[in-house]
Amino acid sequence: MKPQIAELLSAALDQLKHAAVLPADVQPRIQVDNTRDKTHGDLATNLAMMLAKPAGKNPRELAQLLVDALPRSSLVQKVEIAGPGFINFYLSEESTSSLVRAVLEAKDQYGRSNEGAGRKVQVEFVSANPTGPLHIGHGRGAAVGDCMCRLLEATGWDVTREFYYNDAGQQINNLALSVQARCKGLTPDDASWPEDGYRGDYIKDLAESFMRGDTVSSEDQSFTGTQDADDLEGIRHFAVAYLRNEQDLDLKAFGVDFDVYFLESSLYTDGKVEAAVEKLTANGHTYEDGGALWLRTTDFGDDKDRVMRKTDGGYTYFVPDVAYHLDKWQRGFVRVINEQGADHHSTITRVRAGLQGLDVGIPQGWPDYVLHQMVTVMRGGEEVKISKRAGSYVTLRDLIDEVGRDATRYFLAARKADGQLTFDIDLARSQSSDNPVYYIQYAHARVCSIFRKLAEAGQTWELETGLDALSALTLDSEKELMVKLGRYPEVVRNAANNNEPHLVSNFLRELAGDFHTWYNAEKTLVDETDLRNGRLTLAEAIRQVLANGLDLLGVSAPQEM
RNA sequence: GCGCCCGUAGCUCAACAGGAUAGAGCAUCGGCCUUCUAAGCCGAGGGUUGCAGGUUCGAGCCCUGCCGGGCGCGCCA
């Protein structure tokens, strides 16, 4: 409804310019806001206050001129000037009814748009090293990243979900050595346990599986344990495949699917790392010093230059990352979003610097980053740090098992990514009013229940007569609910454009709250036919929006609870 | 020391491009089930938005300086 109101204002502006009340060259951004207080109408604009200075008039006087110049519209019931110069719009019954109609005609498409116009966007998220189980931090990345993808899809983008495996670094050697040590019966407490070895119980499970001769397969590889504790290469491949498989199972249980699993090792075998280094050198952005090859990242805003190739000949970690992002660019992604933990934020400057140094037309701020802060887990009022399985952190699987997929996803995605997150296990698993997930789901189930009762009573509801019957809804609470439904598409748009899924969960929480209040105050299945049909229509529209929003969060919308 | 993020009710968090009287939930206290699911509703108390300046018609939001917390600052990934 905002664009329609903005259009009316735009027409009024033109008229005032024509009448020389306003200078012809002012081009204000016409801002239409939702009102917080219903005594301020349904929508409001600050336009008169913005233009008071160029017009040389006081805001309220200008507001009156704008209102007088406003074209007549059946969408608006009433316009008022209030406060320092706000113009408040009260929507007509015709326009609120049209909002409900829009929901029920579009159904599961309501709120979706085609802003992305089919452009390609790639979202890289989770990207955990294949050296252990996924922990709750990865869970936050998975939830936020997947919700961002759903939002981008809902706004017309062609989305690729991608997981980058760092399977080429030193940590893989440490993993292999740790498993080998377990195969040989060592424990982390032994003196000969590898330095920097992985100590968690899962290493023991892994070693036992290898020595049993199990076969493990992941997306694109399959290995059988050779049962030979001296076969370090075999152990390495087996361990990576095993842990990738574990992670895949966790992600599947979390409802997250990736389109592409990209292996860091492939960048080496395909020569892409070497090619990127050569290009940077050819472009004159590198120099040798102390036996190492450096990238002059200070040319691109870094505070000091960075080593690319170490004296031992190996590349530092960000070099394959640059090659990887060049590859993304070459695959045609105009927009790339990397969702990762904030502890990696220092890589951003380096990767972008490397990409600029390649000089292949990549825009300066590319790619985008969404960084999430740490998660702490609370149980019984105390911080939980230890998982038996992983040894040092709470695993995603522990959480899904204990709390459930819906609540885990909701809690991890319902907060702004920047800013630390406290995950309260007791709250998340409580099946009571404490729990916002159930609160929203319950609203959905309640509407379903109303329709079941309707059928039990041998009555029916039908869309067209239902929409006509909306005129029987005269309560303020009902009008407010309709207006709120009308805000949903804008919420989706904002959430998608800003990579902020939590806007959706906030909105759903509010909508569910308004619904519960209305439900408790007013009976839906009343005898009077028009009133009943009108309320059923509104209830169904609410149900539809709740279902659509929950889907964007990857949370189920149960029919009954 | 430098860089990034955060600081809002006792706790966990909101506040849509700078808009009107800063909102929810939990916790606390008091009410509501012969009525469509009480996983719900209604009401009460609770705040100098870390501090101090600045920008402007208007600041939780923007700027500067402090204070406090997190993360990072490697020829580790």
Side-chain angles (χ1 to χ4, degrees), chain A residues 29 31 33-37 39-40 44-46 49-50 52-53 58-59 82-86 88 129 131 166 168-172 196 264 290-294 303-304 306-312 314-318 320-321 341-349 371-374 376 378 381 411 414-424 427 430-439 441-443 445-454 456-457 487 490-491 494-495 498 500 502-503 505-507 509-510 513 515-526 535 539 560-561:
Chain A
R29 182 176 61 83
Q31 184 180 332
D33 292 320
N34 302 312
T35 55
R36 218 176 294 183
D37 185 335
T39 65
H40 298 146
T45 184
N46 58 2
M49 292 182 287
M50 306 271 290
K53 194 167 276 182
N58 81 54
F86 289 102
N88 294 334
N129 291 336
T131 54
N166 289 99
Q170 178 59 32
Q171 80 271 14
I172 298 298
D196 299 325
E264 181 189 9
L293 182 68
W294 295 70
D303 53 1
K304 59 180 173 183
R306 306 292 168 175
V307 169
M308 294 175 71
R309 189 168 50 225
K310 300 178 279 185
T311 48
D312 70 4
Y315 290 110
T316 54
Y317 69 93
F318 86 95
D321 221 12
D343 53 339
H344 289 95
H345 80 259
S346 62
T347 71
I348 296 174
T349 312
L371 303 179
H372 65 259
Q373 299 283 332
M374 311 257 94
T376 50
M378 304 290 284
F411 274 73
R415 302 275 184 252
K416 246 189 314 204
D418 49 25
Q420 289 149 252
L421 168 64
T422 304
F423 193 108
D424 185 336
L427 177 62
S430 77
Q431 304 213 335
S432 74
S433 56
D434 307 359
N435 196 325
V437 192
Y438 294 126
Y439 185 84
Q441 291 180 320
Y442 185 45
R446 267 185 154 175
V447 177
C448 294
S449 174
I450 293 172
F451 278 87
R452 281 194 298 272
K453 285 283 176 199
L454 180 77
E456 282 171 25
R487 289 183 186 174
E490 175 198 339
V491 170
N494 281 340
N498 303 322
E500 292 188 329
H502 77 283
L503 295 177
S505 48
N506 286 349
F507 174 84
R509 184 67 177 70
E510 279 177 35
F515 167 76
H516 285 307
T517 296
W518 177 60
Y519 176 95
N520 270 74
E522 315 299 336
K523 194 168 161 107
T524 304
L525 299 178
V526 293
R535 287 192 173 151
E560 56 188 322
M561 293 172 71

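Numbered from 1 within each chain, the chains take letters A, B, ... in sequence-line order.
Rounded to a whole Å, the CH2 atom of A:W518 is 11 Å from the C1' atom of B:C36. In this structure, A:F411 atom CZ and B:C13 atom P are separated by 11 Å, rounded to whole Å. Protein atom CZ of A:R415 is 11 Å distant from nucleotide atom C1' of B:C26, rounded to whole Å. One can place NZ of A:K53 at 7 Å from P of B:U56, the figure rounded to the nearest angstrom. Summarising the geometry, the separation between NE2 on A:H502 and C1' on B:A15 is reported as 9 Å, rounded to the nearest angstrom. If you take CD of A:E510 and P of B:C13, they are 18 Å apart, rounded to a whole angstrom. Following rounding to the nearest Å, A:Q420 (CD) and B:G7 (C1') show an atom-to-atom distance of 10 Å.
Base engagement by A:K523 is indicated by at least one non-hydrogen atom pair under 4.0 Å involving a base atom. As judged by a 4.0 angstrom heavy-atom cut-off over every strand, A:A82 is placed among the base-contacting residues. Residue A:T524 is in base contact, counting any heavy-atom pair closer than 4.0 Å across all strands shown. Note on A:E522: a base of the nucleic acid sits closer than 4.0 angstrom, heavy atoms only. Base engagement by A:H40 is indicated by at least one non-hydrogen atom pair under 4.0 Å involving a base atom. Among the protein residues, A:A445 comes within range of the nucleic acid bases, having at least one heavy atom under 4.0 Å from a base atom. Within the 4.0 angstrom heavy-atom criterion, base atoms lie near A:E560. Within 4.0 Å of A:L371, counting heavy atoms only, lies no atom of the nucleic acid at all. Counting non-hydrogen atoms under 4.0 angstrom, A:L421 reaches the backbone sugars and phosphates but no base. Counting non-hydrogen atoms under 4.0 angstrom, A:Y519 reaches a base of the nucleic acid. Residue contacts for A:D424: at a heavy-atom cut-off of 4.0 Å it reaches no nucleic acid atom on any strand shown. Counting non-hydrogen atoms under 4.0 angstrom, A:A414 reaches nothing in the nucleic acid.
Distance from the side chain of A:R509 is smallest for B:A24 among the nucleotides B:A24, B:A20, B:C6. Here B:A39 is the nucleotide among B:C6, B:A39, B:U21 with the atom lying nearest to any side-chain atom of A:M561. Comparing B:C41, B:A17, B:A38 by their closest approach to the side chain of A:R29 singles out B:A17.
Residue A:R36 has a polar side-chain atom (N or O) positioned under 4.0 Å from OP1 or OP2 of B:A20. OP1 or OP2 of B:C13 sits under 4.0 Å from a side-chain N or O of A:T422. A sub-4.0 Å separation between OP1 or OP2 of B:C5 and a side-chain N or O of A:K416 is absent. Residue A:Y438 places none of its side-chain N or O atoms closer than 4.0 Å to OP1 or OP2 of B:G25.
RNA chain B is contacted by both A:V526 and A:E500; A:E500 maps to the nucleotide lying nearer its 5′ end (nearest heavy atom per residue). If A:T45 and A:N506 are placed on RNA chain B by their nearest nucleotide, the residue sitting closer to the 5' end is A:N506.
Within 90° of 0 lies the glycosidic angle of B:C33, which makes this nucleotide syn.
Under the side chain to side chain contact (heavy atoms under 4.5 Å, CB included) rule, A:K416 has a single partner from A:Q373, A:E500, A:H372, which is A:E500.
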Subject >> Heavy-atom protein contacts under 4.0 Å, nucleotides 71-77 of chain B, coded B base, S sugar-phosphate only, - none >> reply: BS-SBSB
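Judged by centroid separation below 5.5 Å and plane tilt below 30°, A:F86 does not stack onto the base of B:G19.
Using a 4.0 Å cut-off between charged nitrogen and carboxylate oxygen, A:K453 and A:E456 count as a salt-bridge pair.
Taking a pair as Watson-Crick or G-U wobble with both distances under 3.5 Å, RNA chain B forms stems of 3 or more consecutive pairs at B:1-7 with B:67-73, B:10-13 with B:23-26, B:28-32 with B:40-44, B:50-54 with B:62-66.
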